[in-house]
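Numbers restart at 1 for each chain; the letters A, B, ... are given by sequence-line order, proteins then strands. These numbers come from a predicted model, not from an experiment.
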Protein chains: 2
Amino acid sequence: MNGPDQLHAPILCSDCGIYQLCLPTGIGQADIELLDKIVKNRRIFKRGEYLYRLGHPFHSVYALRSGSVKTYVLMDDGRVQITGFHIAGELLGLNAVNTRVYSCEARALETTSVCEIPFDRLEELGQQVPSLQYQMLRVMSQEIAYNQELMLLLGKKNADERLATYLIGLSSRFAKRSYSSTEFNLSMSRSDIGNYLGMAEETVCRVLARFEQEGLISMQRRLVRLKDIEKLTAVAQGGGKAESPSPAVGKRPQSPVSSRNKQVG
Amino acid sequence: MNGPDQLHAPILCSDCGIYQLCLPTGIGQADIELLDKIVKNRRIFKRGEYLYRLGHPFHSVYALRSGSVKTYVLMDDGRVQITGFHIAGELLGLNAVNTRVYSCEARALETTSVCEIPFDRLEELGQQVPSLQYQMLRVMSQEIAYNQELMLLLGKKNADERLATYLIGLSSRFAKRSYSSTEFNLSMSRSDIGNYLGMAEETVCRVLARFEQEGLISMQRRLVRLKDIEKLTAVAQGGGKAESPSPAVGKRPQSPVSSRNKQVG
DNA sequence: CGACCTGTTGAGCAGCCTCAACATAAGTGG
DNA sequence: CCACTTATGTTGAGGCTGCTCAACAGGTCG
């Protein structure tokens with residue numbers, strides 16, 4: 001995690017707020033007005049409704065104004081991997097540019113307000129406003145970096161590290177939107193969290209229960225309070241247990257960092 | 001997997017070949033010449049050398065002319081997640097656009113020839129050639145879709161499915177480059193494959209050995225021959241074992257597709 | 001208030017990791 | 001060219017993390 005929006009705190013543009021597409025200095029007022037004309041298309045999605053579905057033709061991108069959305073990919077037999085959890089200020093759907101067909105589904109986790117932006121309009125405008133083009137590249141670049149972190153989590157972290165990473169990541173994202181970074185509402189169910197972090201729902205419960213018992217957090221249903229962010233951060237990076245004598249050995253999780261993993265190209 | 005380059009077979013542009021940046025109809029001859037001026041910068045990397053490293057400043061993107069490259073992210077304690085395996089015709093480095101700093105490392109797996117393209121030059125040119133901008137979006141969009149598949153693999157597939165998916169994915173990528181789709185050289189070590197698929201090196205060996213024993217493939221060291229692509233494809237999608245009576249039940253791997261996973265937003 | 005959805009907790013099992021020894025290939029230097 | 005060293009791949013035994021199955025508790029909603 002560490003997640004999206006690494007460097008640039010998304011800035012509201014005018015009334016609708018295209019957030020990630022606008023930079024403080026990147027786009028002028030006149031351009032913003034142009035942009036506003038395009039994005040007037042506001043929509044509300046209720047919990048469980050789809051912004052777009054797998055295989056549907058690509059026509060628009062979506063800027064989230066409020067609420068939250070999960071995106072996920074599917075296997076034939078119904079297995080689900082949630083690939084993203086998106087909150088206000090983020091931009092969805094650009095990943096369908098290549099094939100012109102959505103490669104994943106996006107579904108509202110709660111009542112969610114979005115701006116729907118027709119991509120061809122956005123493209124036209126991009127040719128008049130170079131910095132807009134650049135912003136699109138940035139948004140996608142950011143998503144790639146974000147996905148890389150998730151892959152690291154899925155491939156190399158154990159259950160404790162995954163959940164700690166998840167909580168810390170949420171915390172810092174909320175902080176950037178000026179929400180509380182220590183107390184917030186997970187809009188995802190335990191099952192969703194499991195499908196996001198690559199673990200069973202039950203394991204999510206158990207680990208959270210242990211975190212609470214160890215004084216790292218407190219929870220009631222989907223409301224979390226982070227009580228020891230420092231220790232949580234340590235857990236997320238694999239320094240969770242062992243303040244043990246042996247500093248290098250006993251890292252515990254998969255990937256032993258043994259002499260073999262020297263990675264020689 | 002199914003991997004990159006879904007729809008557009010990358011086309012060589014002039015002598016250097018910017019592959020993914022060019023479409024048959026997208027970019028005119030004059031533009032290609034412009035592009036060529038920029039990408040004259042050819043370089044050779046030997047096995048183990050870095051195209052770029054974590055935290056280094058972003059200045060260029062790299063188009064692979066021949067050879068292969070792995071990209072990966074790191075944890076503090078040395079754990080590694082390989083996030084991409086790239087072959088001739090693919091474009092690397094665009095994921096650093098956002099932060100202007102590389103968020104991963106790229107390392108040659110064998111002697112590899114690349115075109116190094118200064119990004120600011122590419123951007124300038126993009127403003128004159130709109131379709132080039134669009135191509136960049138496409139390349140990144142494609143990478144995102146590709147990463148989503150990898151996340152699905154890492155989060156939801158068991159060892160057999162992972163390796164089958166990996167082999168099938170390689171096969172179809174080689175096919176698109178007009179290499180043999182049934183016999184090819186894995187340029188990654190077992191350890192790399194493990195760090196890519198999120199499993200231990202030993203497990204990679206064991207599963208490959210079993211695949212060979214079951215007549216799906218034959219291997220000697222890094223040379224693979226796919227002997228039953230159909231069955232391999234079935235395994236990749238989780239239909240590997242059970243041609244069992246019960247069609248829906250007994251899916252076997254993590255994520256039971258039980259009644260609970262109904263995913264209700 | 002009953003039906004249902006979500007979350008919690010327990011018991012048992014198994015897939016995959018860890019550790020370790022060995023085999024083979026690939027370099028390296030004399 | 002061969003002996004040595006190192007990297008890479010293979011195979012076995014055993015244990016642990018996290019999954020599965022299952023029953024139940026607490027909320028939520030009609």
- Distance test, side-chain N/O of A/Thr203 to OP1/OP2 of D/dC19, below 4.0 Å: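 Checking A/Thr203 against D/dC19: at least one side-chain N or O falls below 4.0 Å of OP1 or OP2.
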- Phosphate oxygens OP1/OP2 of C/dG7: is one of them under 4.0 Å from a side-chain N or O of A/Arg222?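 The answer is yes; a side-chain N or O of A/Arg222 sits under 4.0 Å from OP1 or OP2.
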Mind calculating the distance between [atom1] ([X]) and [atom2] ([N]) to the nearest angstrom?
| X | N | atom1 | atom2 | answer |
| --- | --- | --- | --- | --- |
| A/Met199 | D/dT17 | CE | C1' | 11 Å |
| A/Asn158 | D/dG18 | CG | C1' | 10 Å |
| A/Arg206 | D/dT17 | CZ | C1' | 11 Å |
| A/Arg162 | D/dC19 | CZ | P | 8 Å |
| B/Glu201 | D/dT11 | CD | P | 13 Å |
| A/Met219 | D/dG26 | CE | P | 17 Å |
| B/Leu208 | D/dT8 | CG | C1' | 14 Å |
| B/Leu153 | C/dC16 | CG | P | 12 Å |

- Task: Would you mind reporting whether B/Leu153 and B/Tyr166 have side-chain heavy atoms less than 4.5 Å apart?
- Result: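 No - every pair of side-chain heavy atoms lies 4.5 Å or more apart.
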Looking only at side-chain atoms of [X], point me to the closest of [options].
| X | options | result |
| --- | --- | --- |
| A/Ser189 | D/dT11, C/dG7, C/dC16 | C/dG7 |
| A/Ala159 | D/dG18, D/dT10, C/dT9 | D/dG18 |
| B/Arg221 | C/dA25, D/dA7, D/dG27 | C/dA25 |
| B/Glu202 | C/dT9, C/dC19, D/dC19 | C/dC19 |

- Just how far is it from atom CG of B/Leu167 to atom CG of B/Leu208, taken to the nearest 0.5 Å?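 CG of B/Leu208 is found 6.5 Å from CG of B/Leu167.
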Before accepting this row, confirm whether a basic side-chain N of the pair [X]/[Y] lies closer than 4.0 Å to the acidic partner's carboxylate O.
| X | Y | answer |
| --- | --- | --- |
| B/Arg190 | B/Glu201 | no |
| A/Glu90 | A/Arg173 | yes |
| A/Arg222 | A/Glu110 | no |
| B/Glu161 | A/Arg79 | yes |

- Query: Would you call the rings of A/Tyr52 and A/Tyr102 parallel, tilted or perpendicular if under 30° counts as parallel and over 60° as perpendicular?
  - Reply: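 A/Tyr52 and A/Tyr102: parallel rings.
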- Message: Need the bend value for the helix from C/dC1-D/dG30 to C/dG30-D/dC1: angle between end axes, 5 pairs each end, nearest 10°.
- Response: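 End-to-end axis angle: 50°.
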